[in-house]
Amino acid sequence: MVTKISIQNLRKIYDTPERRVHALEGVNLNIEDGEFICLVGLSGCGKTTLLNMLAGFVEITAGTITMDGKTLTQDYDKGVVFQEYALFPWRTARQNVEYGLEIRNVPEEERKRISLDFLRLVRLEEFADFFPHNLSGGMRQRVAVARAMAFDPQILLMDEPFGALDAQTREELQALTVDVWQKTKKTILYVTHNLSEAVYLGNRIVVFVPNPGRIREIVKVDLPRPRDDLAPEFIKLQRHVNDLIRDF
Amino acid sequence: MQTSEAPPVPQSMDEKKKEVRSPIWVKLRPIYPFIVILAIWQVAAMQAQGNQGRLFPTVDAIVYRAWELVTGPLFRALAENPNLGLFDQIWKLGESPILLHTLNTAWRLPFSFFIAAIVGTVVGILMGRFAFWESFFVPLLSVLLPIPAIAWTPIVVIWSGIGDQTVIVITAFASFLPIAMAVWTGVKTVNPVWIRAAQSMNADKMTIFRTVVLPGSLPMILSGMRIGLARAWRAGVGAEAFAGIRWGLSAGIFDAQEYLDIAFMMVALGILGLFGFVLEKVLFQPIESRTVIRWGMMEAMGAQDKKV
């Protein structure tokens, strides 16, 4: 396997007039090409901060992030799926998926073909011409996944994308995410505080602890897919991660 | 996979069918309060005696007067020359005073509003995008907004004389203020997650503005336009009266006061009301139903669906 992203001695400090927040300290992480990495931890442990740094929303205080051996620039291709519904209401599902392709000046015909391919991938091709407000929450997030992948980004960053959905829909979308990942072989970084979700999805789980935000341990998940969340090994692993998060 | 996420198609189509099939008396329901008021008016007016009757005309007298105001010149011309050509007949119809009053108001007001909409949008965008223009315009607008635009009329008359230009300046100015404020607010309050989504796909600033900020602030912009139009309407009608111009519905109303021509006033008022209603129906509702309502963005603003 090839190292896709290398994070070294990463530090993030937020300075506000009232106080200084030590969000991340000494983060070292190598992510291989095509890996599915889950970031877990309690609130304020810096997992979202790390994701936002990779997305380019937050500046790095110290340390380096390299991708394919080169220092990360702001404008590399990354797909981001947000926790909030971030689809553009004035665009249909297909037009939303086409947005990233428009930015890259892909010709119209090809845009249409690619966007329908990706809507098919998330099983929404019949809803291509629906506006987001006519879609359910789960469908909207599926369109968001298609939108984030349609322009063939280097990595996919997902920030608790299914956190606002009901349990049943969330399970469906987790299975769908694994399916999409296996078909596209994208490197995925996935932030969640749902530990069962992390064990179900990830090749590795990066466990963060707060004050200052740092990596406690990286847990390898070797369970075969599709994973059974009621299997004893699954639950054992989930308990292990739970212990790591709470007792330190 | 499909079970818990039933496609919402059939439901929404059902709803549409129901709307189409609503019977005629349901659609005409908004008219009945007017009928009640007119009936009360009629009964009250019929009690008026002699000269009082001129000051409080019955509904049928008003309707007759309206007919006379519209067709008067035509019928007089026909009485003189029964073989009048069709073109001349239309020409004579165009000479009726109420029509001239209406036409004058009808071009001046949308024209002023159009200017205000363009200038207001440009200023609002400048304020929303550049801190310099924001700090320049916000204090100005905050001071100017509470002043009724009508109060500027004497100054504008002195500067630009009596005529259309005075009415246009006051109307456009009155309308510009709320539009600029609304566009500014709209641009500033676009949902930040849309902007981050566009940024994450490497859209540059100009593209984000064009493809995200503008459509994203459309609900606020449209509601600003609505307030702007309402203010234009009020200021325009007032300015017509105070700027001393000859043609225009409210100029006509103030003229009619001299002759105690109540029926004329009522007809002109009716046209003014109809005007606002038509502008709402032909200008705002089609734009809204094709954009923000179709996109489901009005629910977020707490708007009720307008079926009336």
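Letters go in sequence order (proteins before strands), and every chain restarts at 1. Keep in mind that what you see is a predicted model, and the values were worked out from it rather than measured.
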Any side-chain heavy-atom pair of [X] and [Y] under 4.5 Å:
X        : Y        : value
B:Thr207 : A:Tyr99  : yes
A:Asp77  : B:Met201 : no
A:Val80  : B:Gln199 : no

So with a 6.0 Å cut-off around [atom1] of [X], is the heavy-atom count from everything else above 12?
X        : atom1 : value
B:Trp295 : CH2   : yes
A:Arg225 : CZ    : yes
B:Phe130 : CZ    : no

Go through the atoms of [X] and report whether side chain, backbone, both or neither lie under 4.5 Å from a heavy atom of chain B.
X        : result
A:Ala86  : both
A:Asn52  : side chain
A:Leu157 : neither

Legend entry - Pairs of heavy atoms under 4.5 Å with chain A: top-ranked of B:Pro215, B:Ala197, B:Gly216: B:Pro215
Inset, instruction - Heavy-atom pairs under 4.5 Å with chain A are the metric here; pick the option from B:Asn191, B:Thr291, B:Val212 that has the most. - result: B:Val212
Inset, instruction - Taking the six-membered ring of A:Phe57 (Phe, Tyr or Trp), confirm whether the NZ or CZ of B:Arg196 is under 6.0 Å from its centre and within 45° of its axis. - result: yes
Inset, instruction - Without swapping roles, check the side chain of A:Asp75 against the backbone of B:Asn202 for a donor-acceptor pair under 3.5 Å. - result: no
Inset, instruction - Anything under 30° is parallel, anything over 60° is perpendicular, the rest tilted; go ahead and classify B:Trp194 against A:Trp90. - result: perpendicular
Inset, instruction - Can you see which heavy atom on B:Met297 is nearest to which on A:Pro89, and at what distance? - result: CG-CB, 3.8 Å
Inset, instruction - Can you measure from OG1 (B:Thr211) to CZ (A:Phe88) and round to the nearest 0.5 angstrom? - result: 6.5 Å
